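The structure appears below as structure tokens.
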Amino acid sequence: MVRQDILDLLSEHAGDYVSGEKISQQLNVTRAAIWKQIKVLKGEGFEIEGLSKNGYRLLKMPFSLDEWVLKQALSSTSLGCTICLEDELASTNDRAKELARQGGGHGQIILAKHQSAGQGRLQRQWESPRGGLWMSVILRPNLSLADASKITLAASVAIVDALRELFQLRIGIKWPNDLIFDGQKLAGILGEVVGEWNTVQTLILGMGINVNFKRERLSAPLNATTLYDILGYEVDLNILAATILKHLENRLMSLERRAFEELRLSWSERAVGLGEEVRILRGEQVVQGVFKGISIDGALLLDTERGEQSFSAGEVQLRSKIGKYF
Ligand code: ADP
């Protein structure tokens, strides 16, 4: 592919000019074809300087998702090994499920620049405008069905750590796996088991992060925020995705070594609401108590008038006592 070859050549000489003649010789394409391709790349957000006497120089790569840029940024060994990036998908999790059923391997990632029918937990809708990071990963880890919920906990921790590494932000985890900043939701995670875990052992891990768009782009009633509103500038979605995958891969490896208690502690250190009076909503039913912590499987442990009760993430919602989101 000429596009990829040109980018490879320019990035090999990062900061330096590569003459049109050299590109033309190495790739065996006409100067006109190169010029045309450079124009396309510029339109996609690559900053390429072209000087007739020196040639072309790659100055900046786009912040929007791009397969080539993402590949450059990836440092994980298994996660991101295969990339499926679409402009629009109904839901990256649904596409990932299809691909998994067709044999998609461990680590394959599916991204969309926007989703038309993104999903939250309990069949809820997830708004996914352009500029967000909407990504699903196919995982076939060496773990059992009972450990599936631990993977979504690991994903929350991985996203928190990536945002801390890149932007020195302190994001909190609201049980089970919403990421919040100043009481507002920045990201959500949706883990779904495909088929029978015991036979195929596949988990689809969907991550949705509000990144390069203003809060106003989401519907008004949502208790939400975006990275753009927090930081005041746009960030490189490729680097963000790659950094999350790096942290996630490390967390998955320690889960495969059965370091479950380490994950429980990491999760708890980043959680919001621990030790506080909270409410648990199960349909119409409300249970009140003190949020004591989570079990090794990620179930919420609540100290109630009737003793300790535990709740699994699949069925309930957590709310703070005074009706705030958190
Ligand atoms: P909960 O936080 O109530 O457990 P989920 O994790 O299932 O919810 O996420 C779905 C809910 O998140 C939706 O019902 C909606 O209220 C909210 N939501 C939808 N899209 C976004 C978004 N882009 N950012 C923040 N919150 C959203």
Side-chain angles (χ1 to χ4, degrees), residues 65 88-94 111-136 148-149 151-157 159-160 163 169 171-193 204-231 235 237 240 244 267 270-273 276 278-287 291 294 298-300 302 311-326:
L65 288 170
E88 176 183 330
L89 284 173
S91 138
T92 57
N93 259 32
D94 281 353
L111 305 110
K113 293 196 175 174
H114 71 111
Q115 298 183 107
S116 51
Q119 296 154 17
R121 285 192 313 133
L122 314 170
Q123 309 296 316
R124 280 179 300 215
Q125 201 195 336
W126 184 265
E127 297 182 16
S128 318
R130 274 181 196 281
L133 183 63
W134 321 122
M135 170 165 75
S136 298
S149 58
I151 298 177
T152 56
L153 298 179
S156 318
V157 173
I159 297 176
V160 169
L163 293 172
L169 278 179
I171 305 295
I173 308 175
K174 173 187 163 276
W175 183 89
N177 38 46
D178 284 342
L179 302 184
I180 64 166
F181 182 80
D182 252 353
Q184 293 170 319
K185 198 188 308 195
L186 174 67
I189 291 162
L190 179 66
E192 295 182 275
V193 173
I204 303 302
L205 184 64
M207 293 170 266
I209 311 180
N210 302 328
V211 189
N212 292 336
F213 58 86
K214 289 192 180 152
R215 160 69 186 89
E216 297 145 32
R217 298 266 302 281
L218 300 169
S219 17
L222 292 186
N223 208 334
T225 188
T226 74
L227 210 51
Y228 184 81
D229 277 41
I230 298 171
L231 297 172
V235 306
L237 284 172
L240 178 58
I244 291 169
W267 187 94
R270 293 157 180 77
V272 294
E276 289 176 24
V278 298
R279 291 174 308 146
I280 293 292
L281 316 181
R282 186 196 269 143
E284 300 287 290
Q285 196 196 354
V286 182
V287 189
F291 180 9
I294 58 166
L300 182 144
L302 195 69
F311 299 89
S312 78
E315 47 181 19
V316 298
Q317 294 177 57
L318 166 66
R319 292 291 179 265
S320 71
K321 195 185 167 195
I322 42 171
K324 286 191 308 166
Y325 185 69
F326 241 101

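Here the structure is a predicted model, which means the values were calculated and not measured. Note that ligands are numbered from 1 as they come in the structure, with each ligand's atoms numbered from 1 the same way. Position 1 is the first residue of the sequence; numbering continues from there.
What sits closest to atom 19 (C) of ligand 1 on the protein, heavy atoms only, is Q125 O, 3.3 Å. Looking only at heavy atoms of the protein, atom 8 (O) of ligand 1 is closest to R124 NH2, 3.1 Å. Scanning the protein for heavy atoms near atom 9 (O) of ligand 1, the closest one is K185 NZ, 3.1 Å. Shortest contact from atom 22 (C) of ligand 1 to any protein heavy atom: W126 CZ2, 3.5 Å.
Between the side chain of R282 and the backbone N or O of Q317, no donor-acceptor pair lies under 3.5 Å. Side-chain atoms of R121 do not come within 3.5 Å of backbone N or O of R124 as any donor-acceptor pair. Side-chain atoms of W126 do not come within 3.5 Å of backbone N or O of I189 as any donor-acceptor pair. R279 contributes a side-chain N or O that, together with a main-chain N or O of S320, makes up a donor-acceptor pair within less than 3.5 Å. Between the side chain of E127 and the backbone N or O of S219, at least one donor-acceptor pair lies under 3.5 Å.
The residue from L186, I189, D178 that puts a heavy atom closest to atom 6 (O) of ligand 1 is D178. Of the candidates R121, Q119, Q123, it is R121 that places a heavy atom closest to atom 4 (O) of ligand 1. Among I209, L222, V316, the residue whose heavy atom sits closest to atom 16 (O) of ligand 1 is L222.
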For this session: Please assess I294 against L153 for the test side chain to side chain contact (heavy atoms under 4.5 Å, CB included), listing each intermediate value before the final yes or no.
Result: CA-CA 11 Å; I294 58 166; L153 298 179; 4.0 Å; yes
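Each of the following atoms of ligand 1 lies closer than 4.0 Å to a heavy atom of N210: 22 (C), 23 (N), 24 (N), 25 (C). Near A224, with a cut-off below 4.0 Å to any heavy atom, the atoms of ligand 1 are 24 (N), 25 (C). Residue R319 has at least one heavy-atom neighbour below 4.0 Å for each of these atoms of ligand 1: 3 (O).
With contacts defined as side-chain heavy-atom distances shorter than 4.5 Å, the pair L237/L111 does not qualify.
Taken from CG in N210 to NZ in K185, the straight-line distance is 9.0 Å, to the nearest 0.5 Å. Atom-to-atom distance recorded for R270:CZ and L179:CG is 11.5 Å, nearest 0.5 angstrom.
The backbone and the side chain of E127 each have at least one atom closer than 4.0 Å to an atom of ligand 1 (non-hydrogen atoms only). Here L218 has side-chain heavy atoms under 4.0 Å from ligand 1, and that is the only part of it that gets that close.
The shortest heavy-atom distance from R215 to ligand 1 is not under 4.0 Å.
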